[in-house]
Amino acid sequence: MVRGKTEMKRIENATSRQVTFSKRRSGLLKKAFELSVLCDAEVALIVFSPKGKLYEFSSSSSPSKTIERYETNSKNMGVHKRTVEQNIQHFKEEIATMSRNVDLLENTKRKLLGEGLESCSTDELQQIEEQLEQSLSNIRARKNFIYKERITKLKEEEETLRRHNAELRKRLEVKSLTLSTVQQDIDPQQKIMEVETQLFIGPPERSPH
């Protein structure tokens, strides 16, 4: 027969309650022992019967040792828990502060762009104007610096090209001088001589009487 599910409530019959206690206690102690052996766990079990009789099991020397270890770990866990809670609270405060700063920066950005100025006083508008002028001055200074760097770089490139051009001109002069010297050293007999000739076709000229 299939065993029915036991209803989880107090057994009213004293005899049945005592029998159930004895059976369940033995099973609980057996499970505690198996857990300590199979998993190499430190297990302590304390059970008081309805009449106050003590039943205990410990995988160590005594349940008190396990209880002391539990109390020590509980204190450490309490300190750790408080530390975690303090860190969480600190992070929450930092997040709130950063959120306020972001909102402030966004508001300032809109005002610098000329938006949301309706609620600004004259002093605030004056301050915004001074900030814009300072920003414009910084932008112009940076732009001038970039222009100066470009001009300096172009001048350096110009000087490099000038030196390169002078070197090429010098090489060309050397080659021209070498070619002229070679032409002067050629054997005169090998030169083509130009002979001037006069050719006349017709009757001979008569001498005057």
Side-chain angles (χ1 to χ4, degrees), residues 8-10 28 31-32 35-36 38-48 58-178:
M8 288 293 103
K9 69 175 185 178
R10 183 177 182 273
L28 182 60
K31 292 294 183 182
L35 178 63
S36 65
L38 294 175
C39 302
D40 194 22
E42 183 177 350
V43 180
L45 176 63
I46 300 175
V47 180
F48 287 95
S58 177
S59 60
S60 62
S61 57
S62 64
S64 59
K65 295 292 184 180
T66 305
I67 293 174
E68 290 178 2
R69 182 179 178 184
Y70 166 76
E71 291 176 346
T72 301
N73 280 272
S74 296
K75 292 179 181 179
N76 294 335
M77 287 297 295
V79 173
H80 177 69
K81 183 178 180 181
R82 286 194 298 272
T83 303
V84 171
E85 291 177 350
Q86 291 175 355
N87 291 336
I88 292 175
Q89 183 63 29
H90 177 68
F91 290 147
K92 288 181 178 179
E93 293 175 356
E94 282 192 350
I95 291 173
T97 302
M98 292 177 65
S99 180
R100 289 193 297 269
N101 291 337
V102 169
D103 293 339
L104 180 61
L105 290 174
E106 289 291 339
N107 188 29
T108 303
K109 177 183 175 181
R110 288 194 297 270
K111 290 180 179 180
L112 291 175
L113 293 175
E115 301 174 358
L117 300 176
E118 295 79 7
S119 60
C120 295
S121 63
T122 305
D123 293 338
E124 290 176 340
L125 293 174
Q126 180 66 30
Q127 184 179 3
I128 293 173
E129 183 179 1
E130 292 175 356
Q131 291 177 352
L132 290 172
E133 290 177 352
Q134 182 62 40
S135 298
L136 183 60
S137 176
N138 293 337
I139 292 171
R140 287 174 176 171
R142 178 59 183 173
K143 184 176 67 174
N144 292 333
F145 177 77
I146 293 175
Y147 283 159
K148 289 180 180 180
E149 281 190 335
R150 290 181 179 178
I151 291 173
T152 302
K153 186 176 181 180
L154 290 174
K155 287 183 177 180
E156 292 176 353
E157 292 178 354
E158 180 185 6
E159 179 64 21
T160 301
L161 292 174
R162 188 188 63 79
R163 290 196 300 267
H164 183 63
N165 190 27
E167 184 178 354
L168 291 177
R169 186 180 294 107
K170 185 177 180 180
R171 292 180 181 178
L172 181 60
E173 292 175 354
V174 171
K175 289 183 178 180
S176 299
L177 180 60
T178 303

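As the structure is a prediction and not an experimental result, all values here were calculated from the model.
The nearest pair of heavy atoms linking Ala32 to Leu45 is CB-CD2, 4.2 Å. The minimum heavy-atom distance between Ser59 and Ala41, with the atom names listed, is OG-O, 3.4 Å.
With sequence neighbours left out, Ser62 forms a side chain to side chain donor-acceptor pair (under 3.5 Å) with Ser64. For Leu112, the side-chain contact (heavy atoms from CB on, under 4.5 Å) test picks out Thr108, Ile128, Gln131, Leu132, with sequence neighbours left out. For Glu130, the side chain to side chain donor-acceptor pair (under 3.5 Å) test picks out Gln126, with sequence neighbours left out. Considering only residues two or more places apart in sequence or on other chains, Arg150 meets the side chain to side chain donor-acceptor pair (under 3.5 Å) condition with none of them. Under the rule for a side-chain contact (heavy atoms from CB on, under 4.5 Å), the partners of Asn107 that lie at least two apart in sequence or sit in another chain are Arg110, Lys111. Here Glu167 pairs with Arg171 under the side chain to side chain donor-acceptor pair (under 3.5 Å) rule; sequence neighbours left out. Here Thr160 pairs with Arg163 under the side-chain contact (heavy atoms from CB on, under 4.5 Å) rule; sequence neighbours left out.
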Show me, pair by pair, the donor-acceptor contacts under 3.5 angstrom made by side chains of residues 138-148, not counting sequence neighbours?
| residue | atom | partner | partner atom | Å |
| --- | --- | --- | --- | --- |
| Asn138 | OD1 | Gln134 | NE2 | 3.1 |
| Asn138 | ND2 | Gln134 | O | 3.3 |
| Asn144 | ND2 | Arg140 | O | 3.2 |

Taking only distance into account, with no hydrogens and no angle test, what donor-acceptor pairs under 3.5 Å do side-chain atoms of residues 85-98 form with protein atoms, sequence neighbours excluded?
| residue | atom | partner | partner atom | Å |
| --- | --- | --- | --- | --- |
| Asn87 | ND2 | Thr83 | O | 3.3 |
| His90 | NE2 | Glu94 | OE2 | 2.9 |
| Thr97 | OG1 | Glu93 | O | 2.9 |
| Thr97 | OG1 | Arg100 | NH2 | 3.2 |

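Identified under the salt bridge (Lys or Arg N to Asp or Glu O under 4.0 Å) test for residues 58-75, with sequence neighbours left out: Glu42-Arg69.
Between Gln127 and Asp123 there is no side-chain heavy-atom pair separated by less than 4.5 Å. A heavy-atom distance below 4.5 Å is not found between the side chains of Glu129 and Leu125.
Side-chain atoms of Glu124 come within 3.5 Å of backbone atoms of Ser121 as a donor-acceptor pair (strictly under, hydrogens ignored).
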Test log, rule salt bridge (Lys or Arg N to Asp or Glu O under 4.0 Å), inputs Lys155 and Glu158: CA-CA 5 Å; Lys155 287 183 177 180; Glu158 180 185 6; over 6 Å; no

